[in-house]
Amino acid sequence: KDWYKFNLPENGCLSVSFSHEDASNGGWWVYLIDSDSTTAIRRWTFYANNMDSRITHSVGLPAGTYYVRIEDDGAVAKVEYRFTVNYYASTTWEHELDDNSPATATPIDFNTTYSGTILGTSDKDWWKFTVPENGYIYIDFSHGYSSNGGWWMYLVDSNASTSISRWTFYADGMDSRHTHNVGLPAGTYYVRFEDDGAVSCETYNFAVNYTKSSTWERELDDDSPATATPIGLNTTYSGTILSSSDKDWWKLTVPVKGEYRMSFWHDLCPSGGWWVYLIGYDAKTSYNRWTFYADKDTTETVPMSLSKGTYY
């Protein structure tokens, strides 16, 4: 076994270039090993009868000492190999081994692209961000092309156990996508990445984009009448339904008896729709229900006669 030792002066990203003399069979195993010299971060196999030069995928690592250990299967004994550890400093790459739990999640800023790799089905990359004031976010995601497999991206609440939403990105699909908007109250949240094993070691990239807003729903804070989001008249509010079990509650105070109407519009979709209920002050009595189809444009309800009071 050949052991080599190197030091990363700052957090960054590395890859290993490997080449060798020709041989008809056999190969080498190259291990990237943590500072404890026992934990293998990653193992690569280089076959002697394949390309004589290869570069591994990228691996994000925190500053520290690491090892490369090279072994062979016996068939390439005395066959020369050559390798180079390539490194560049980066504050936007994950820290492999340091980000596998919420407690060690990598902090991120808004509107900044970060990168990572999932090194196996048991590897989970955790990232952490703070929403300073009520608003909404969406996430840009991109990746290299692969013929199969994909990534699961979770938006997780501050308790690090409740998943607010989950998105699936297929490796053979568009190489760049952004999610729908999600309204969030001020607080701390996490993004967790997993994969299905087929895209292990492929690089993914993402950015969390945030906009302050007092007119977006607050996901997780508006799922019942008791936590309904207060709204005013003649003001446009926005929201998203994240699943069939999600219900967005809004609370309106009518100042005087009179006729009122509601306008509803949305992004166009080929199918589906929304049900909008007007409910009395007791949060139980339904006065009306409207259906808005996703393939239709702006709709305005007929005038409604409402007494002074609270409605949902």
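Computed from heavy atoms alone, side chains included, the values below leave out hydrogens, waters and symmetry copies.
One finds the OH atom of Tyr312 at 9.0 Å from the OG atom of Ser224 (value rounded to the nearest 0.5 Å). One finds the OG atom of Ser214 at 12.5 Å from the CD1 atom of Ile231 (value rounded to the nearest 0.5 Å). Between Asn49 atom CG and Asn25 atom CG the span is 7.5 Å, to the nearest 0.5 Å. Separating the OG1 atom in Thr112 from the CZ atom in Phe206 is a distance of 10.0 Å, to the nearest 0.5 Å. Interatomic distance, Glu300 CD to Met262 CE, rounded to the nearest 0.5 Å: 10.0 Å. Of the inter-residue distances, the one linking Tyr66 atom OH with Leu32 atom CG reads 8.0 Å to the nearest 0.5 angstrom.
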Determine, stepwise, if the pair Met304 / Leu278 fulfils side chain to side chain contact (heavy atoms under 4.5 Å, CB included). CA-CA 10 Å; Met304 302 171 286; Leu278 178 65; 3.8 Å; yes
Is there a side chain to side chain contact (heavy atoms under 4.5 Å, CB included) between Arg218 and Thr229 once you walk through the steps? CA-CA 7 Å; Arg218 300 189 296 270; Thr229 303; 3.8 Å; yes
Evaluate the criterion side-chain hydrogen bond (donor to acceptor under 3.5 Å, both in side chains) for residue pair Ser305 and Glu259; output intermediate values, then yes/no. CA-CA 4 Å; Ser305 179; Glu259 285 196 345; over 6 Å; no
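Among all heavy-atom pairs drawn from His20 and Ala48, the shortest one is CE1-O, 3.2 Å. The minimum heavy-atom distance linking Val131 with Glu133 is given by the pair CG1-O, 2.9 Å. When all heavy atoms of Lys124 and Glu194 are compared, the closest pair comes out as CE-OE2, 3.3 Å. The heavy-atom pair separating Lys284 from Ile279 by the smallest distance is N-CG2, 3.5 Å. Counting all heavy atoms, side chain and backbone alike, Asp248 lies closest to Glu217 at OD1-OE1, 2.9 Å. Between Thr203 and Ser58, the shortest heavy-atom distance links the atoms OG1-CB, 4.4 Å.
Connectivity analysis of hydrophobic side chains (ILVMFWY, heavy atoms under 4.5 Å, direct or indirect) links Trp29 to Trp3, Tyr31, Ile33, Tyr67. Summarising the hydrophobic clusters (Ile, Leu, Val, Met, Phe, Trp, Tyr; side-chain heavy atoms under 4.5 Å, direct or chained), the residues clustered with Tyr88 are Trp93.
Ring centers of Trp290 and Tyr277: at least 6.0 Å apart, outside the cut-off. Ring centroid separation for the pair Trp167 and Phe141 does not come in under the 6.0 Å cut-off.
Under the 3.5 Å distance criterion, with hydrogens and angles disregarded, a donor-acceptor pair is assigned to the side chains of Ser115 and Asn205. Side-chain N/O atoms of Thr106 and Glu94 include no donor and acceptor closer than 3.5 Å.
Looking at Thr92 and Thr113, their side chains never come closer than 4.5 Å, going by heavy atoms from C-beta outward. Side-chain contact check for Met153 versus Ile139: some heavy-atom pair is nearer than 4.5 Å. By the 4.5 Å heavy-atom criterion applied to side chains, Leu184 and Ile164 are counted as neighbours.
Residue Asp267 places its CG atom among 12 or fewer non-hydrogen atoms of other residues, nucleotides or ligands, all under 6.0 Å distant.
Of the possible polar contacts, none joining the Asp123 side chain to the Ile118 backbone as a donor-acceptor pair under 3.5 Å is found. Using a distance-only test at 3.5 Å, with no hydrogens or angles considered, no donor-acceptor pair links the side chain of Ser245 to the main chain of Ser243. Not one N or O on the side chain of His95 forms a donor-acceptor pair closer than 3.5 Å with the backbone of Ala63. At distances below 3.5 Å, not a single donor-acceptor pair connects side-chain atoms of Asp157 with backbone N or O atoms of Asn159. A distance-only check finds a donor-acceptor pair linking the side chain of Thr56 to the backbone of Val16 [under 3.5 Å]. Counting only distance, with no hydrogens or angles, the side chain of Asp34 and the backbone of Asp36 share no donor-acceptor pair below 3.5 Å. Without hydrogens or angle criteria, Thr117 side chain to Leu119 main chain gives no donor-acceptor distance under 3.5 Å.
Evaluation of the ring-ring contact (aromatic ring centres under 6.0 Å, His included) rule for Tyr4 yields Phe83 as partners, not counting sequence neighbours. Contacts of Asn86 classified as side-chain contact (heavy atoms from CB on, under 4.5 Å), with partners at least two apart in sequence or in another chain: Ser15, Ser17, Thr84. Evaluation of the side-chain contact (heavy atoms from CB on, under 4.5 Å) rule for Ser213 yields Tyr136, Thr215, Trp216 as partners, not counting sequence neighbours. Trp152 is linked by a ring-ring contact (aromatic ring centres under 6.0 Å, His included) to nothing, counting only residues two or more places apart in sequence or in another chain. Remark: Ser163 engages Tyr154 in a side-chain contact (heavy atoms from CB on, under 4.5 Å) (not counting sequence neighbours). Taking Phe110 as the reference, Phe129, Tyr210 meet the ring-ring contact (aromatic ring centres under 6.0 Å, His included) condition, with sequence neighbours excluded. Legend: residues meeting ring-ring contact (aromatic ring centres under 6.0 Å, His included) with Tyr260, ordered by chain and number and at least two apart, are absent. Partners of Tyr138 under the side-chain contact (heavy atoms from CB on, under 4.5 Å) rule, at least two apart in sequence or in another chain, are Asp140, His178, Thr179, Asn181, Asn209.
By the rule that hydrophobic residues join a cluster once side-chain heavy atoms approach within less than 4.5 Å of another member, Trp274 and Tyr293 end up as members of separate clusters.
Within the structure, salt bridge (Lys or Arg N to Asp or Glu O under 4.0 Å) pairs that include any residue of residues 11-32 comprise Glu21-Arg82 (at least two apart or interchain).
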Donor-acceptor contacts, no H, no angles, side chain residues 68-79, under 3.5 Å, sequence neighbours left out:
unit_1 : atom_1 : unit_2 : atom_2 : d
Arg69  : NE     : Glu71  : OE2    : 2.7
Arg69  : NH2    : Glu71  : OE2    : 3.0
Asp72  : OD1    : Gly74  : N      : 2.9
Asp73  : OD1    : Gly27  : N      : 3.4
Asp73  : OD1    : Ala75  : N      : 3.0
Asp73  : OD2    : Gly27  : N      : 3.4

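The residue from Tyr114, Tyr204, Phe169, Trp126 that alone fulfils the ring pair (Phe, Tyr, Trp, His ring centres under 6.0 Å) condition with Phe193 is Tyr204.
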